[in-house]
Amino acid sequence: MVSSAATRVAARLEAGLDEVLGDAHRRGPGGPGRSADLRRDRLVIRSHDLLEPCPRRASRPADDYEDRVVTTRRRVGLLVLRRLWGEAPPVPPRGWRVDPGALGPTVRAVFDTPDVWPLQLWEWTRSLDQAGRAALAAGVVTWCDGVIRLVGTARDVSWCDPSLPIRRDVPGRAVGLAATLDATRRTMEGERLLVVTGAASPTARRVLAGQAVLVRTAVARRDRVARVTLAMPPSGQLEHHVVDDALLDLAVDRVVEHAALRVRPDDAPPRPSRSCVHCHLLDECDAGSEHLGCRPGVVAGPAAGRPVDDQDRRHQGTST
Amino acid sequence: MRVNDWLVELLSSEPQVRREELSELRDAIDAEATSLLDASGVPVDDGPVVVSKSRLAQLDRCERSTVASWEATTPPEPPSVSALAGRALDHFVAQVLVGGRLRESSHDLRAALVAHGDHEALGRIDEWEGGDDGVEFDRCIDGLAAAVLDAWTGVDPSWAPRTQVPAVTALAGGRLRVSGVVDVELGGPHTTRPGVVVEVKSGAAAASHRHETYLYGLLVALRDGTAPAVVAQWYPGTAPAGVAVTIGVLEAAAERLLAGVRQWSRLLAGAPPSASPGVWCGWCRVQEDCDVAPVADGGKAVAVGDGDEAEYTPEVEGEQPW
Ligand code: SF4
Ligand code: SF4
C-alpha cells in the first residue's frame, strides 16, 4: 500500500525534476529507449553527492573510486554481520547480545564463502595476498565491532545485502537515487532504517537520513518508514530521526538542487574552502587556487582528488 | 612478555571510574572548553575547532610548525624511514591479531599497503630499494615483525581485539571536536573482559607517550560512557606498560587536552605562534624560513601522528539500542 506521504513526496520530486531537468534524462517518448542508452544517460545521485558543499565540485563528481580497505570494509562488514545475526538462536534468550569475540572467526568464515560476495568485491579480495586480506579483515573487524557496540542487542535486524545496491530509478526518468542503508527492522509502527555513518555535521546526517527514506519509500513506493537511526561508532552514539514532511522535503529539495548542478555544470559556482586541496578540479579552478594562495595546478599533489570520506561509492551505484 | 599473559593478569581488573564521576568530568571539560572558545575569538562560522591527538603532539613540539602544517596547501614531505616503520608496526600488529601470523616482513608490509591503497608509502619503499635507506628500512621492519610475532601471537579471542579504532567526542555544543585513533582495543563494556587500550610505539620511550595514552583512555571513556580499566604503551621487545585508569588519570588527560584547546584556539584566532626548535626541525615545512631552527643535520623524523583520523560530531545521546 502506498501512503499519502509517499505519494505527496513522489509528486514533489517529479515536479522538482521537471523544473530543473526538463526533457533531459527522461525515459519513454523522447528519452532513451534501449537499455544501453539508458545506462549511458542515467544520472545517479548518491547520498554523499548531496553532502558536497562546493557546487562546482558537486556538479562534476570525481570518478576516482578505488577498492581499498577504507572503501570496502563496510560491504564486507555487512556480510559478516549477516552471518553473525544469522547464527543467532531463533528465539534468543533474555539479555542476548552478539558476541564480539566471534568476529575474528566469522570474518574468516566469510572469506571462505565466495557465493555470498558481490562478484567484483570478491575478485578484488582474491587479488590481495594473504597479508593484504589480513589487513582488510582487521579493518572489517574494527568496523563491525563499532556497530555491534551500538546495536549488538537488537535481535530482529535485517542487515542489507551488499550485492543489492540500495538504488531506485525515479519513475519516468533516467535518474537513479542511491542511498547508504545498512539495516532494516520491522516494527508495529512501520519500518526502521539504520545507517552507519561518520558524517560530521548535523545537517549532513539529516540529509543522509532523508535520502534513505526517500529511496525506500517515495521512489520505491514501499510501505511506511517510521524512523531512521544513524549509528556513529567513533562517537558511540545513535541519532534518531523521525520521518516527517520536513525530513522528506529536505531530501527531495537536495536531490533537485543536485540534479540542477549536474545538468548545468558550467553554471555551478565555486565555493572555496580548505578542502580545495583535495579537489580533483583544483588544477582548473581559479577560485580554489586563489583561496589556497597558489597558481592553478601547483598544489595538485598526491592528496588532490583523493576521496576524503568512507562512503562506499560502488555500493551506491557509481559503476553505472 | 606475551601480551596474552599480561592480559590474563588483568582479568580481574575492574573499571575504577564510576559513571557519575565520568559524567561530571565530561560536564566540566565541556564547560571549560566552551569558555575557552568564547574567550579565544575563533569565529563560530568557521566550523568546529578540531583537536586531534596528533595536533596536540605537534603543539607540544612547536606552535609555528603546527600552524604551518595546518595552513599547508601541498602534501607533506614523503615519510621517513622511522615514520614508515611506525606504520609498518601498526600493520604487523593488526595482521597478527586478526590473521594470526606474519610470513616475510617486507612482503607482508607491501601487501598491507596495497590493500590500504597507500601508494605514497609503496612509492617511498620503491625509491629506497637497493640503497642504504632500503637496507636500513628492511632491517628495522624485520626486527619489528619479530617482536610483534613474539608478543602479539595468541591473544585470546574473548578479548575481541580490534585495531585502529576511531574515538571522537564533540564538546562545546559541537564547536570543538576531539579525535584520536586507538592502536589496539581489547575487551570493554560490550564484551566479558575489562576494557584495555594499548598504544603501540615503534620509537624510544618518551614521557609524552604516557600522556597520549591517557588521552586515549579519556576519549574511549567519553565514547563508551565507561572508562577502560587499563591503558598501556607497548614498545617492541618490552612488556606492555599499563596504568590502571582512575579518575585522576582522566583528569590529567583532560587538563592536557584543555591546555591544547586553549593553545590551538588562540592560534586559530590569529595569535602569533612561537617557535621551539628541537630534533623535529629536521622535517619542518618552514625550516628554511625559520631563524631559530638549528642548522639541518640530516636528522631523522620520528612518527608523524595518526594520519587519517576520522572526525565526527556526535550530537544526540541515545541510550536505547536501535
Ligand atoms: S577547487 Fe575548491 S572551489 Fe574549486 S571546485 Fe574544487 S572545491 Fe570547489
Ligand atoms: S624550524 Fe623548528 S623552530 Fe622553526 S618552526 Fe620549524 S619546528 Fe619550529
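Keep in mind that what you see is a predicted model, and the values were worked out from it rather than measured.
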Item to check | Region of Leu128(A) that comes under 4.5 Å of a non-hydrogen atom in chain B | outcome: side chain
Checklist entry - Is there a side-chain contact between Asp118(B) and Arg68(A) (heavy atoms, below 4.5 Å)? => result no
Checklist entry - Is it the backbone or the side chain of Arg103(B) that comes under 4.5 Å from a heavy atom of chain A, or both, or neither? => result side chain
Item to check | Residues in residues 90-97 of chain B that sit under 4.5 Å from chain A, counting heavy atoms only | outcome: Ala94(B), Gln95(B)
Item to check | Separation of Asp99(A) CG from Thr192(B) OG1 (nearest 0.5 Å) | outcome: 7.0 Å
Checklist entry - For Pro105(A), is it the side chain, the backbone, both or neither that has a heavy atom under 4.5 Å from a heavy atom of chain B? => result neither
Checklist outcome for this item: Smallest heavy-atom separation, Val98(B) atom then Ala137(A) atom, equals CG1-CB, 3.4 Å
Checklist entry - What pair of heavy atoms forms the shortest contact from Pro166(B) to Thr142(A), and how long is it? => result CD-CG2, 4.4 Å
Checklist entry - Is it the side chain or the backbone of Arg133(A) that comes within 4.5 Å of chain B heavy atoms, both, or neither? => result neither
Checklist entry - Say you draw a straight line from CD1 of Ile148(A) to OG1 of Thr191(B); how long is it, rounded to the nearest 0.5 Å? => result 11.5 Å
Next on the checklist: Which residue is it: Val69(A), Val70(A), Leu136(A)? I am looking for the one with a side-chain contact (heavy atoms from CB on, under 4.5 Å) to His116(B).
Outcome noted: Val69(A)
Checklist entry - Do you know which two heavy atoms are closest between Ala138(A) and Thr163(B), and how far apart they sit? => result CB-OG1, 3.8 Å
Next on the checklist: Does any part of the side chain of Asp224(B), heavy atoms only, come nearer than 4.5 Å to the side chain of Arg149(A), both counted from C-beta?
Outcome noted: yes
Item to check | Choice from Ala134(A), Ala135(A), Ser273(A), Pro100(A) maximising heavy atom contacts with chain B below 4.5 Å | outcome: Pro100(A)
Item to check | Contacting region of Pro189(B) [heavy-atom separation from chain A under 4.5 Å] | outcome: neither
Item to check | Contact origin within Glu185(B) toward chain A - heavy atom pairs under 4.5 Å | outcome: neither
Checklist entry - Does Gln237(A) offer a backbone N or O that forms a donor-acceptor pair with the side chain of Arg223(B) under 3.5 Å? => result no
Checklist entry - Within 45 degrees of the axis of the six-membered ring of Trp143(A) and under 6.0 Å from its centre: does Arg162(B) put its NZ or CZ there? => result no
Next on the checklist: Which atoms of Arg97(A) are under 4.5 Å from chain B, going by heavy atoms: the side chain, the backbone, both sets, or neither?
Outcome noted: side chain
Checklist entry - Passes side chain to side chain donor-acceptor pair (under 3.5 Å), His119(B) versus Glu66(A)? Steps please. => result CA-CA 12 Å; His119(B) 306 296; Glu66(A) 179 188 18; 2.6 Å; yes
